[in-house]
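Below you'll find the structure, written out as structure tokens, and then a few comments.
All chains are named by letter (A, B, ...) in the order of the sequence lines, taking the proteins before the strands, and each is independently numbered beginning at 1.
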Protein chains: 2
Amino acid sequence: MKKVLAIQQKIIPEMIELLKKRYEILKNIYYNQPVGRRSLSQELNLGERIVRTEVEFLKNQGLVEVNPIGMVLTRDGEKILEELKEIIYVLNDYKHLEEKVQKLLKIKRVIIVPGDSEKDKTVLKEMGRACANYVKEIIHEGSIISLTGGTSVAQVVENFPRIVTKDVLVLPARGGIGRDVEIQANTLTANLAKKISANYRLLHVPDNISLETLETIANEPEVKEILEILSKSDLLIFGIGRADEMSKRRGMSPQQINELISKGAVAEAFGYYFNKSGEAIFRTPSIGINFYDVKNIKNVVAIAGGKNKAEAIIATKVNNPNMVLVTDEAAANEIINILHSK
Amino acid sequence: MKKVLAIQQKIIPEMIELLKKRYEILKNIYYNQPVGRRSLSQELNLGERIVRTEVEFLKNQGLVEVNPIGMVLTRDGEKILEELKEIIYVLNDYKHLEEKVQKLLKIKRVIIVPGDSEKDKTVLKEMGRACANYVKEIIHEGSIISLTGGTSVAQVVENFPRIVTKDVLVLPARGGIGRDVEIQANTLTANLAKKISANYRLLHVPDNISLETLETIANEPEVKEILEILSKSDLLIFGIGRADEMSKRRGMSPQQINELISKGAVAEAFGYYFNKSGEAIFRTPSIGINFYDVKNIKNVVAIAGGKNKAEAIIATKVNNPNMVLVTDEAAANEIINILHSK
DNA sequence: CAACATAGGGACATATTAGGTCCCGTATTT
DNA sequence: AAATACGGGACCTAATATGTCCCTATGTTG
């Protein structure tokens with residue numbers, strides 16, 4: 001397969017571009033269906049007419065169905081989309097990219113999804129799906145899974161296939177942070193647990209509380225118990241954020257944010273802020289998984305994409321050689337860029 | 001590979017046409033190099049400008065080199081051409097075609113080359129090459145190879161790779177026929193023998209002689225010896241011709257030709273004329289391999305292409321289940337046409 | 001039930017590209 | 001030295017791709 005595609009890239013590169021274009025269209029229809037021509041063309045950054053021409057073609061091929069309510073992939077279309085993914089994967093030589101990033105970051109494995117999640121929302125969904133598929137394989141009887149909040153992890157949960165597990169426990173890696181209920185660790189925990197028919201426990205802790213109250217809460221028997229189980233997680237799924245964005249989203253005061261940034265914080269993950277060297281220089285006043293526990297977790301899966309996350313991804317060093325990173329093409333290229341120019 | 005191509009046919013069917021076009025161009029450059037743009041466009045039945053555009057593209061891809069003397073394939077170009085062949089092969093599902101024809105003719109194997117040798121001279125060369133590659137594999141120590149004349153067999157010899165064999169003997173299957181020295185069995189025999197570093201013997205017999213003289217010659221010790229070895233051939237390569245064409249080329253009188261045709265002769269091979277039912281109804285007054293010997297030869301390879309040869313191919317029944325046919329797409333389709341409509 | 005938003009498809013002007021044709025300077029052959 | 005065949009420049013035209021706007025149907029919402 002690789003050989004055929006290599007030859008084709010040499011002899012009919014225009015067709016390969018066309019292939020990618022149609023793949024993008026199929027993918028976008030799939031993730032937004034039922035969707036209209038105009039919103040699709042916006043989503044894809046393509047002219048309305050060109051989308052129309054392509055859709056007409058795809059309709060003739062029996063891959064999309066066009067209803068007055070919008071366009072939908074047919075069964076065939078879904079099948080082709082699935083198979084196209086593999087082709088796109090080989091075409092862009094992601095295998096090679098993955099290995100490169102994996103070696104640069106000195107982690108266990110990197111999984112790269114085509115595209116740029118900043119520009120194309122479906123890429124984030126693909127990342128979630130890729131991550132979910134990976135995680136699915138390592139869940140076993142008795143697994144204790146902990147996860148953080150955030151849009152990326154939310155996509156992992158959303159795209160998690162419904163499976164039946166035995167004796168699995170899902171926990172939030174941190175107490176509730178942020179206002180958006182949909183992407184809070186607690187919500188995601190409950191949703192994931194339902195999807196995989198697992199048990200779950202939650203951590204209800206208010207945001208930005210004083211250190212004293214925090215300590216009091218942490219000593220509550222119920223909370224304490226969860227924190228203890230948490231430290232025994234054998235699978236942690238967490239998103240990586242930029243320090244500037246996350247500090248704002250967490251509602252920190254401008255002064256605090258300034259201080260944080262001036263100290264060199266560039267990344268945030270499971271409540272910790274990291275500087276460029278990967279040192280944890282600040283901890284969100286909240287309860288949850290301990291930084292030093294993370295090192296010993298058997299499976300640590302980070303998820304983050306988009307060019308602007310590259311620096312944060314590099315900075316987030318959990319010093320766990322078992323870490324797996326799920327990211328997108330844009331971030332991967334930028335990571336290589338940064339680390340190679342050093 | 002088959003799967004990838006199947007998906008691509010669904011999602012980018014335009015690809016196939018383009019791929020074939022560029023394949024044709026590469027192939028034609030290869031077989032005519034160094035060749036100019038104009039003669040190429042004539043050869044390909046394509047506009048001068050379109051050839052130019054494509055050649056410019058191929059030049060940019062580093063597949064052809066453009067000199068003031070003409071265009072030449074680069075090393076890369078040759079490699080790609082070779083690999084494209086396989087893709088074209090799978091794309092057109094020749095495997096399937098081959099099996100169909102093989103079953104219809106009830107022979108051992110059919111090898112089909114893309115295109116139509118009537119319209120495109122390079123197809124004949126490809127047939128020769130395909131045949132040569134097949135033959136190369138079955139030659140072994142002590143092989144006795146016999147071959148006829150004709151343009152098709154000439155291409156087999158021309159495209160035979162230079163190899164070193166041990167104790168191989170090459171013989172003409174018949175005494176010299178036709179005026180064109182280049183394609184006489186004797187010439188081909190000598191040429192093939194040189195290419196594979198084998199020994200060879202020749203049969204110098206004048207054309208269209210009286211039966212008496214023929215018998216006298218056949219009893220010459222030297223000739224007799226060769227005829228004896230000939231009957232022990234373990235590999236026969238022969239071309240198949242149309243009865244009407246061959247009788248003319250052999251210089252038969254109009255009366256003789258008329259008689260032959262009215263008796264139903266449609267095919268000619270190694271000096272015998274066959275009717276539609278595959279019965280040998282006439283023998284050229286010349287010496288050479290015996291029809292009844294052919295049945296017992298271990299490897300019999302026939303080569304013939306072009307739509308108008310289809311009938312002759314069907315008619316040439318040597319009743320040897322070991323026969324292998326090398327032909328082209330046009331002939332193969334026509335064979336199926338004829339035999340299916342019956 | 002009516003107003004509205006959004007769907008696909010028709011129609012057409014325009015930008016872009018592909019293709020046909022002819023010519024020219026140059027290098028090679030005769 | 002003349003003739004031939006080469007690639008490449010130039011330019012016109014045909015074909016195609018794309019942008020734009022409008023129309024009618026169909027769900028949705030107040």
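With the nearest nucleotide of DNA chain C identified for both B:Arg38 and A:Arg38, A:Arg38 has the one nearer the 5' end. DNA chain D is contacted by both B:Val35 and B:Arg49; B:Val35 maps to the nucleotide lying nearer its 5′ end (nearest heavy atom per residue). Each of A:Gly70 and B:Leu46 was assigned the nucleotide of DNA chain C with the nearest heavy atom; the assignment lying further toward the 5' end belongs to A:Gly70. Map A:Ile50 and B:Met71 each onto its nearest nucleotide of DNA chain D; the residue landing nearer the 5' end is B:Met71.
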Taking it one step at a time, do A:Met15 and A:Gln8 satisfy side-chain contact (heavy atoms from CB on, under 4.5 Å)? CA-CA 8 Å; A:Met15 288 300 128; A:Gln8 290 180 332; over 6 Å; no

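The side chain of B:Glu48 lies closest to C:dC22, out of C:dC22, C:dA7, C:dG9. Comparing atom distances between the B:Arg52 side chain and each of C:dG8, D:dG9, D:dT26 picks out D:dG9 as nearest.
Between the CG atom of A:Leu58 and the P atom of C:dG8 there is a distance of 13 Å, rounded to whole Å. Atom-to-atom, CD of B:Glu54 to C1' of C:dG20 comes out at 15 Å; the value is rounded to the nearest Å. The CD-P distance, from A:Glu56 to D:dT16, rounds to 15 Å in whole Å. Nucleotide D:dG7 holds its P atom 18 Å from the CZ atom of B:Phe57, rounded to whole Å. With rounding to whole Å, B:Asn67 atom CG is found 13 Å from C:dA27 atom P. The distance from atom CD of A:Glu14 to atom P of C:dA18 is 9 Å, rounded to the nearest whole Å. Look at CG on B:Leu44: it is 14 Å from P on C:dG19, rounded to the nearest Å. A:Arg37 places its CZ atom 19 Å from the P atom of C:dA5, with the value rounded to the nearest Å.
Annotation: the span from A:Asp76 atom CG to B:Lys10 atom NZ amounts to 5.5 Å, rounded to 0.5 Å.
Between B:Ser41 and the phosphate of C:dG19, there is no side-chain N or O to OP1/OP2 separation shorter than 4.0 Å. In terms of phosphate contacts, A:Lys59 brings a side-chain nitrogen or oxygen within less than 4.0 Å of OP1 or OP2 of C:dG9.
At least one donor-acceptor pair closer than 3.5 Å links the side chain of A:Lys195 to the backbone N or O of A:Glu158.
Here B:Thr53 lies out of heavy-atom contact (under 4.0 Å) with every strand.
Electrostatic pairing of A:Arg75 and A:Glu78 counts as a salt bridge here, judged by a charged N lying under 4.0 Å from a carboxylate O. Salt bridge status for A:Asp328 with A:Lys309: absent, with no side-chain N to carboxylate O gap under 4.0 Å.
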